[in-house]
Amino acid sequence: MQITDKAQCDTWYQALLDRASEYTGLFFVGVKTTGVFCISVCRARKPKRENVVFFREMKSALDAGFRPCKVCRPTENACSAPTFIEQALALVRANPKMRISDTLLREQGISPERVRRWFLQQHGITFQAFQRMSRVNVALQELKGGRSATDVAFDSGYESLSGFGYTCKKLTGAAPSVGQPVIMIHRFTTPIGPMFVCATEQGVCLLEFVDRRMLETEFSDLQRLLKARIIAGENAHTRQAEKEIGEYFTGERQQFSLALDLPGSAFQRRVWQGLQTVPYGQTTHYQALAECLAQPTAVRAVAAANGANRVAIVIPCHRIIGKDGAMTGYGGGIARKAWLIAHEKNHLTRSCC
């Protein structure tokens with residue numbers, strides 16, 4: 001259905017002009033002069049306000065006769081990585097100990113240059129660096145399972161034990177025999193933009209939208225507090241997080257069973273536990289949360305702890321709004337916060353019918 005609310009459309013139009021990534025997947029804009037529809041981050045020349053219409057869903061834009069823009073490719077990039085990236089990642093998953101070369105990518109009809117550019121834009125590392133991290137992750141898991149460093153090194157494609165040791169030390173800060181803890185980081189997609197999930201062996205320690213402004217600071221804090229290095233890879237906790245978040249977005253899940261590993265002060269952890277008691281589909285404010293924690297005068301401290309939350313959605317800081325009902329700040333952006341609140345209320349209403 002086409003959205004006709006002028007204020008909402010004006011907000012979305014400004015987001016289109018600003019190429020605001022926090023609105024990725026929140027709306028689709030149809031350009032009447034070209035017949036295409038785009039997402040907020042489109043790099044194409046911006047149409048005039050009178051030449052655009054807005055939709056909440058991709059299907060509505062298609063039903064209205066618009067075709068996907070070839071610049072921003074909304075059918076690929078609104079909710080998921082491009083097809084060629086999915087194909088490259090499938091090769092890595094199918095061959096976790098093998099280096100996927102540019103030649104092999106070309107043999108599969110995949111452009112190494114496009115893969116490299118996408119990884120640099122999305123992760124700040126090359127595809128080859130991502131592979132090295134993934135191979136080290138597999139090797140470390142095998143070492144913890146009791147295999148010798150020599151066997152693991154040669155089985156993982158390294159020509160020497162010293163080369164394996166150098167790579168491990170460079171990525172994790174310690175030789176493979178020392179077994180320094182690592183934090184796995186994995187990127188996955190959602191209907192309102194891609195997210196990063198980080199997890200230790202104990203549980204998930206970070207879950208954020210990839211365009212969060214303070215993300216680099218959060219990564220640094222995690223590595224310092226947990227005395228661990230972040231490397232690309234997956235474990236049982238990252239896979240469970242992706243599964244449960246997927247169920248949340250389809251409306252199938254209202255509570256999470258994820259194991260969490262949350263470094264922070266005792267007060268911060270109390271606040272994060274308090275946030276998890278705010279019911280799905282409901283909202284509250286800092287004063288009420290402080291009173292629930294039996295510290296009614298600690299409103300500012302509660303707000304600060306709320307802002308320090310690194311696990312979005314699962315620890316639902318998006319359910320905190322102003323005492324007057326106004327939308328307050330949110331690390332993933334106000335637009336996403338409003339979307340999440342509306343999403344929960346909508347599915348709560350359906351579950352009650």
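What you are looking at is a predicted structure, and each value in this text was computed from that prediction instead of being measured.
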**Q** For residues 286-297, which residue pairs pass the side chain to side chain donor-acceptor pair (under 3.5 Å) check, not counting sequence neighbours?
**A** Arg270-Gln295, Tyr286-Asn306, Gln287-Glu291
**Q** I'd like to know whether Ile315 forms a side-chain contact (heavy atoms from CB on, under 4.5 Å) with Leu262, so could you lay out the CA-CA distance, the side-chain angles of the two residues, the decisive distance to 0.1 Å, and finally the verdict.
**A** CA-CA 11 Å; Ile315 299 178; Leu262 305 174; 3.7 Å; yes
**Q** The test is salt bridge (Lys or Arg N to Asp or Glu O under 4.0 Å); show your working for Lys243 and Glu247 and say whether it passes.
**A** CA-CA 6 Å; Lys243 175 180 179 294; Glu247 293 167 349; 2.7 Å; yes
**Q** Report the relative orientation of the aromatic rings in Tyr248 and Tyr280; use parallel for angles under 30°, tilted for 30 to 60°, perpendicular for over 60°.
**A** perpendicular
**Q** Could you list the residues that satisfy side chain to side chain contact (heavy atoms under 4.5 Å, CB included) with Thr283, not counting sequence neighbours?
**A** Ile321, Ile341
**Q** Hey, can you pull the donor-acceptor pairs under 3.5 Å for the side chains in residues 323-333, sequence neighbours left out?
**A**
residue, atom, partner, partner atom, Å
Asp324, OD1, Ala326, N, 3.0
Thr328, OG1, Ile320, O, 3.2
Thr328, OG1, Lys337, NZ, 2.8

**Q** Tell me every residue that passes ring pair (Phe, Tyr, Trp, His ring centres under 6.0 Å) with Trp272, counting only those two or more places apart in sequence or in another chain.
**A** none
**Q** Are side-chain heavy atoms of Cys205 and Leu226 found at a separation under 4.5 Å?
**A** yes
**Q** Would you say the side chain of Val210 lies within less than 4.5 Å of the side chain of Phe196, judging by non-hydrogen atoms?
**A** yes
**Q** Using salt bridge (Lys or Arg N to Asp or Glu O under 4.0 Å) as the criterion, list what pairs up with Arg336, not counting sequence neighbours.
**A** Asp211
**Q** Quick one: name the residues clustered hydrophobically with Val71, using the 4.5 Å side-chain heavy-atom rule over I, L, V, M, F, W, Y, and just say none if it's on its own.
**A** none
**Q** Would you check if the side chain of Glu244 reaches a backbone N or O of Ser257 as a donor-acceptor pair within less than 3.5 Å?
**A** yes
**Q** Does Phe209 reach the side chain of Thr24, with side-chain heavy atoms less than 4.5 Å apart?
**A** no
**Q** Taking atom types as modelled, find out whether Glu252 and Thr250 have a side-chain donor-acceptor pair closer than 3.5 angstrom.
**A** yes
**Q** Taking all non-hydrogen atoms of both residues into account, name the closest pair between Gly274 and Leu293 and its distance.
**A** CA-CD2, 4.5 Å
**Q** Quick one: does Arg106's side chain have a donor or acceptor within less than 3.5 Å of a partner on Pro112's backbone?
**A** no
**Q** By the definition side chain to side chain donor-acceptor pair (under 3.5 Å), identify the one residue from Gln282, Arg319, Gln254 that meets it with Glu344.
**A** Arg319
**Q** Considering all heavy atoms of both residues, which atom of Gln223 and which atom of Ile230 are nearest to each other, and what is their separation?
**A** OE1-N, 3.1 Å
**Q** Between the main-chain N or O of Ile100 and the side-chain N or O of Gln128, is there a donor-acceptor pair closer than 3.5 Å?
**A** yes
**Q** Who are the salt bridge (Lys or Arg N to Asp or Glu O under 4.0 Å) partners of Lys6, not counting sequence neighbours?
**A** Asp10
**Q** Please check: side-chain N/O of Asn235 versus main-chain N/O of Thr200, any donor-acceptor pairing under 3.5 Å?
**A** yes
**Q** Please identify each residue that fulfils salt bridge (Lys or Arg N to Asp or Glu O under 4.0 Å) with Glu57, with sequence neighbours left out.
**A** none
**Q** Can you find a pair of side-chain heavy atoms, one from Ile245 and one from Ile313, that are under 4.5 Å apart?
**A** yes
**Q** Please find out if less than 6.0 Å separates the ring center of Phe55 from that of Trp12.
**A** no
**Q** Roughly how far apart are Leu105 CG and Phe84 CZ, rounded to 0.5 Å?
**A** 11.0 Å
**Q** Considering all heavy atoms of both residues, which atom of Asp261 and which atom of Gly203 are nearest to each other, and what is their separation?
**A** CB-O, 3.7 Å
**Q** Would you mind reporting whether Leu340 and Pro316 have side-chain heavy atoms less than 4.5 Å apart?
**A** no
**Q** Less than 3.5 Å apart, which donor and acceptor atoms pair up between the side chains of residues 27-44 and the rest of the protein, not counting sequence neighbours?
**A**
residue, atom, partner, partner atom, Å
Lys32, NZ, Glu50, O, 3.1
Ser40, OG, Ala20, O, 2.7

**Q** Quick one: list whatever passes salt bridge (Lys or Arg N to Asp or Glu O under 4.0 Å) with Arg45, sequence neighbours left out.
**A** none
**Q** Quiz question: by atom type and distance under 3.5 Å, do the side chains of Gln276 and Gln273 form a donor-acceptor pair?
**A** no
**Q** Could I get the full list of side chain to side chain contact (heavy atoms under 4.5 Å, CB included) partners for Thr103, not counting sequence neighbours?
**A** Ser101, Glu107
**Q** Keeping to residues at least two apart or across chains, list the salt bridge (Lys or Arg N to Asp or Glu O under 4.0 Å) pairs with something in residues 190-199.
**A** none
**Q** Could you tell me which non-hydrogen atom of Gly281 sits nearest to which non-hydrogen atom of Leu348, and how far apart they are?
**A** CA-CD2, 3.9 Å
**Q** Which pair of non-hydrogen atoms, one from Phe219 and one from Cys198, has the smallest distance, and what is that distance?
**A** CE2-SG, 4.0 Å
**Q** State, with a plain yes or no, whether a side-chain heavy atom of Ile3 is found less than 4.5 Å away from one of Arg56.
**A** yes
